[in-house]
Amino acid sequence: MKLKNLLFDETAVKRALTRLSYEIIERAPNIENTVLIGIKTRGVPLAKTISENLSRNSGVNVPVLELDITHYRDDVKKEIEVADTLKKQDVEGKDVILVDDVLFTGRTTRAAIDAVFSAGRASSIKLAVLVDRGHRELPIRADFVGKNVPSSLKEKIVVKLDETDGETSVGIYE
């Protein structure tokens, strides 16, 4: 893969996450009833950063949960067993915000919603993503978006985070 364009450097990623955090504060009906669920792998550190921003700017410590959606995917054999990471008390009656790095086809988000439903009945489910690149296969849209990036199907959006990759950036690769 060859880097075509650097979309975000580390400073721009932090700025986008700060903006997302403020949007969540502004639009959350009750921030004390909110829980962030980071979709593994890169959604987890993004959710932790958003939670830190929410705490700093609203004074509320919003819990962060990790979600492995492998068992809920429709493109993976069902024999794969993954322990349920969400419990009923984690989501029941809560305003859930799913956090992921890139929104593309919508299939990961659909799997995450299924996982939340299997754990309990959330009051609401919203989606926060760092990058929305379009090309949806399902009727899913993000409520909080760091950046919309129209891209071709030949291109790949790569999010790198310090916690998982040793550097922080977002780029388009060919």
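Any value given below was found using the heavy atoms of this structure, including those in side chains, with hydrogens, waters and symmetry copies removed.
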I'd like to know if the side chain of [X] and the backbone of [Y] have a donor-acceptor N/O pair within less than 3.5 Å.
| X | Y | answer |
| --- | --- | --- |
| Ser21 | Leu17 | yes |
| Asp143 | Leu127 | yes |
| Arg110 | Tyr72 | yes |

Nearest atoms (heavy-atom pairs only) where [X] meets [Y]:
| X | Y | result |
| --- | --- | --- |
| Arg136 | Phe104 | NH1-O, 2.8 Å |
| Met1 | Val158 | CE-CG2, 4.1 Å |
| Ser123 | Gly93 | CB-O, 3.4 Å |

Study note, to complete from the structure: d(Leu130 CG, Leu20 CG) to nearest 0.5 Å is 7.0 Å
Check your understanding: NZ of Lys4 to NZ of Lys156: how many Å apart, nearest 0.5 Å?
Key -> 15.5 Å
Review point. Under the salt bridge (charged side-chain N to carboxylate O under 4.0 Å, His left out) rule, what pairs show up with a residue in residues 95-106, not counting sequence neighbours?
Key: none
When you compare the side chain of [Y] with that of [X], does any pair of heavy atoms fall below 4.5 Å?
| X | Y | result |
| --- | --- | --- |
| Val91 | Ile37 | yes |
| Asp90 | Val35 | no |
| Ile24 | Ile31 | yes |
| Leu54 | Val60 | no |
| Leu98 | Val116 | yes |

Practice item. Decide if atom CZ of Arg121 counts as having more than 12 heavy atoms of other residues, nucleotides or ligands within a radius under 6.0 Å. Key: no
Check your understanding: Got a sec: does the OH of Tyr173 have more than 12 other heavy atoms crowding it under 6.0 Å?
Key -> yes
Review point. Are the charged groups of Arg42 and Asp165 less than 4.0 angstrom apart, N to O?
Key: yes
Check your understanding: Does the pair Lys14/Glu10 count as a salt bridge with the N-to-O cut at 4.0 Å?
Key -> yes
